[in-house]
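Just so you know, these numbers come straight off a predicted model, no measurement behind them. All residue numbers in this chain count up from 1 along the given sequence.
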Amino acid sequence: MADSTEQVTTTETPVTPTEPATEPSTLTAEAVSQMIAEAFQGFEQRQSEAKKLSEMTDQQRAETERDSYKQQLHALQKQVEAAQMQKTAREMLSEKGIHLPDSLVAAVVAEDAKTTKTQVEAFATLFTEAVENAVKERLKGEPPKTGTSGRMTKEQIFAIPDEGKRLQAIRDNMNLFE
């Protein structure tokens with residue numbers, strides 16, 4: 001008898017962060033067909049891109065590569081500009097005493113400086129008004145009830161004829177007896 005070993009290799013398809021992870025037991029035939037079609041389409045696109053590159057001359061390849069690098073450079077420049085605008089917006093808000101997380105600062109930032117400044121000023125005004133209104137709302141209502149503390153003197157306390165009430169008044173006004 002000859003020993004034979006079988007090698008079983010499995011390949012797992014990486015799940016991209018934008019796609020929700022699905023359990024194998026919940027896949028339907030339609031979902032599998034769609035996944036295969038998407039994978040095949042991606043393969044066809046890569047294959048057609050490779051075919052185009054192979055048919056190009058060296059100069060055309062260089063131009064295509066240059067255009068690709070230009071697009072990447074442009075995207076990076078936009079990211080740097082956006083980061084600088086966020087930094088500026090954060091500084092403007094900090095000057096007004098408003099400290100926000102990055103996600104909110106990013107929502108206020110626009111593509112140009114003038115619009116960003118306008119939006120930051122408008123946001124700061126609205127934020128300040130909202131905080132003031134919230135504080136006023138919380139302060140509405142009955143003021144805390146103060147007992148007789150602060151209004152009675154030692155003489156008034158000793159003048160109370162009922163011993164229980166007098167002792168309670170002394171407890172309430174211990175600051176007078178220290």
Side-chain angles (χ1 to χ4, degrees), residues 12-24 26-28 30-50 52-53 56 59-152 172-176 178:
E12 294 183 20
T13 308
V15 178
T16 58
T18 57
E19 296 178 6
T22 57
E23 295 180 17
T26 61
L27 290 178
T28 62
E30 184 179 311
V32 171
S33 296
Q34 183 179 0
M35 290 170 58
I36 291 172
E38 289 173 0
F40 187 69
Q41 183 181 12
F43 174 74
E44 286 178 336
Q45 287 176 348
R46 287 189 299 275
Q47 194 175 27
S48 68
E49 184 72 25
K52 286 179 187 176
L53 285 174
M56 290 183 183
Q59 183 179 358
Q60 289 173 329
R61 251 187 241 126
E63 288 174 2
T64 303
E65 192 173 324
R66 184 196 68 213
D67 291 343
S68 172
Y69 287 139
K70 278 185 176 181
Q71 288 175 349
Q72 290 174 358
L73 177 64
H74 184 67
L76 289 173
Q77 285 175 337
K78 277 191 162 189
Q79 287 178 348
V80 168
E81 288 173 4
Q84 288 174 342
M85 293 293 272
Q86 283 186 356
K87 181 182 176 191
T88 304
R90 177 175 274 102
E91 289 171 358
M92 290 172 65
L93 290 167
S94 292
E95 289 173 1
K96 296 179 186 227
I98 301 172
H99 303 284
L100 299 174
D102 291 340
S103 58
L104 283 177
V105 173
V108 175
V109 173
E111 291 196 21
D112 66 339
K114 185 177 180 180
T115 308
T116 299
K117 182 179 179 184
T118 304
Q119 288 181 344
V120 167
E121 289 173 350
F123 178 82
T125 303
L126 290 172
F127 183 80
T128 305
E129 287 175 4
V131 169
E132 288 175 359
N133 288 338
V135 169
K136 286 179 184 177
E137 186 66 33
R138 287 208 173 193
L139 293 177
K140 275 185 183 178
E142 300 284 326
K145 294 182 180 180
T146 57
T148 55
S149 64
R151 295 184 192 167
M152 295 185 78
D172 290 343
N173 296 290
M174 280 304 290
N175 58 337
L176 295 174
E178 293 176 348

Please indicate whether Arg138 has more than 12 foreign heavy atoms, meaning atoms of other residues, nucleotides or ligands, lying under 6.0 Å from its CZ.
no
Partner of His74 under side-chain contact (heavy atoms from CB on, under 4.5 Å), picked from Lys70, Lys78, Gln71, is Lys78
Restricting to non-hydrogen atoms, name the atom on Arg90 and the atom on Leu100 that form the minimum distance, rounded to 0.1 Å.
NH2-O, 3.9 Å
For residues Thr115 and Ala110, report the shortest heavy-atom separation together with the two atoms involved.
CG2-CB, 3.6 Å
Side chains of Asn173 and Asn175, heavy atoms from C-beta outward: is any pair under 4.5 Å?
yes
Distance, nearest 0.5 Å, that separates CD of Gln77 from CD of Gln79
11.0 Å
Rounded to the nearest 0.5 angstrom, the CD1-CE distance for Ile98 and Met92 is 10.5 Å
Has Glu91 got more than 12 heavy atoms of other residues, nucleotides or ligands less than 6.0 Å from its CD?
yes
Which is it for Glu111 and Glu81 under the side-chain contact (heavy atoms from CB on, under 4.5 Å) test, yes or no, and what are the steps along the way?
CA-CA 8 Å; Glu111 291 196 21; Glu81 288 173 4; over 6 Å; no
Closest non-hydrogen atom pair, Ala89 against Val120:
CB-CG2, 3.7 Å
Closest heavy-atom pair, Gln119 versus Val109, reported as atoms and distance to 0.1 Å, is OE1-C, 4.0 Å
Rounded at 0.5 Å granularity, tell me how far CD in Glu129 sits from OG1 in Thr125.
6.5 Å
Are more than 12 heavy atoms from other residues, nucleotides or ligands located less than 6.0 Å from atom CD of Glu44?
yes
Under 3.5 Å: donor-acceptor pair, side chain of Ser68, backbone of Thr64:
no
Rounded to the nearest 0.5 Å, what's the gap from CD on Glu132 to CZ on Phe127? Could you check?
11.0 Å
Less than 4.0 angstrom from a charged side-chain N to a carboxylate O is my criterion; do Glu49 and Arg46 meet it?
no
How long is the gap from CG on Asp67 to CD on Gln72, to the nearest 0.5 Å?
11.5 Å
Write down the atom of Ala124, the atom of Leu93, and the distance for their closest heavy-atom approach.
CB-CD2, 4.2 Å
Closest heavy-atom contact between Gln86 and Ala106?
NE2-CB, 3.0 Å
Counting only heavy atoms not in Glu30, do more than 12 sit closer than 6.0 Å to its CD atom?
no
